[in-house]
Amino acid sequence: MADVDLKSRSDTRVGGPKDGEVRFYGVHHLALNTDDMKMTVDFYVGVLGMRLVHAMKVPPGLGTGPGNRGNPPFEEVRHYFFDMGRDGLLAFFEMPKGAKERGDRNALGAMQHVSFAVSPESQARICKRLEAAKVAYDGPMEILPGIFSIYVFDPNDIRLEFSCQPGNGEGEPCIVPQVTQTKNEALAELKTLTGDRAFLDRATSGLAD
Ligand SMILES: [Fe+2]
């Protein structure tokens, strides 16, 4: 189904890191907010089948006062972690009920949505689990060439997406090569952003010709 030849999208970063090169290994943890941890566990573990791996409360002194480093401004809030695959953690803080208003996912600086990588078979299983729990979802629909997604809102009104690549078969998806453009393909869009040649060269330095 995928019409992109993955092998033709050469990764310019193959091999060990070169001098001064910064390497990213995916998401370490993504931290989201709820005001009902039990409801959240019910959804992620019970409905989606995600694994809870760590349950704790933020240590005292970090919520209010000088110890706060940007974490929720409440003392000893619950902080639970789920295994979202590829060695990444999905985390939730539990705000006191009524302490915070519901967020606007389209606000600047907000998270619009998060997409989890799944196999086609797991995506179908998630659809079945959502249907059994009477949770409405959209899709599957092709959102990028060869990539099909479903969309659903969790009980906190967080927009979730589950993306798979049917053309890639079962098992772990191969996401970045699927969407990586050539220099010229990217430049077609980037030139609408600026005509600054140095910027355009810099922005496309990680792409093959
Ligand atoms: Fe998305």
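We count ligands from 1, going down the list as the structure has it; atoms in each ligand are counted the same way.
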Please report the C-alpha distance between Tyr151 and Ile143 in whole Å, then the side-chain angles of each, then the deciding distance to 0.1 Å, and finally whether the side-chain contact (heavy atoms from CB on, under 4.5 Å) criterion is met.
CA-CA 11 Å; Tyr151 295 91; Ile143 51 109; 3.3 Å; yes
How would you list, by chain and number, every residue that makes a side-chain hydrogen bond (donor to acceptor under 3.5 Å, both in side chains) with Arg69, sequence neighbours excluded?
none
I'd like to know if the side chain of Glu94 pairs up with that of Thr34 as donor and acceptor (distance under 3.5 Å, no hydrogens or angles considered).
no
Phe43: partners by ring pair (Phe, Tyr, Trp, His ring centres under 6.0 Å), with sequence neighbours left out
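Applying ring pair (Phe, Tyr, Trp, His ring centres under 6.0 Å) to Phe43 gives none.
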Could you tell me which residues satisfy salt bridge (charged side-chain N to carboxylate O under 4.0 Å, His left out) with Asp157, sequence neighbours excluded, listed by chain and number?
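Arg105.
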Consider only side-chain heavy atoms of I, L, V, M, F, W and Y, link residues closer than 4.5 Å, and tell whether Phe116 and Val135 are in one cluster.
yes
List-wise, which protein N, O or S atoms are found short of 2.8 Å from the Fe ion (ligand 1)?
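For the Fe ion (ligand 1), the protein N, O and S atoms that sit under 2.8 Å away are His113 NE2, Glu161 OE1.
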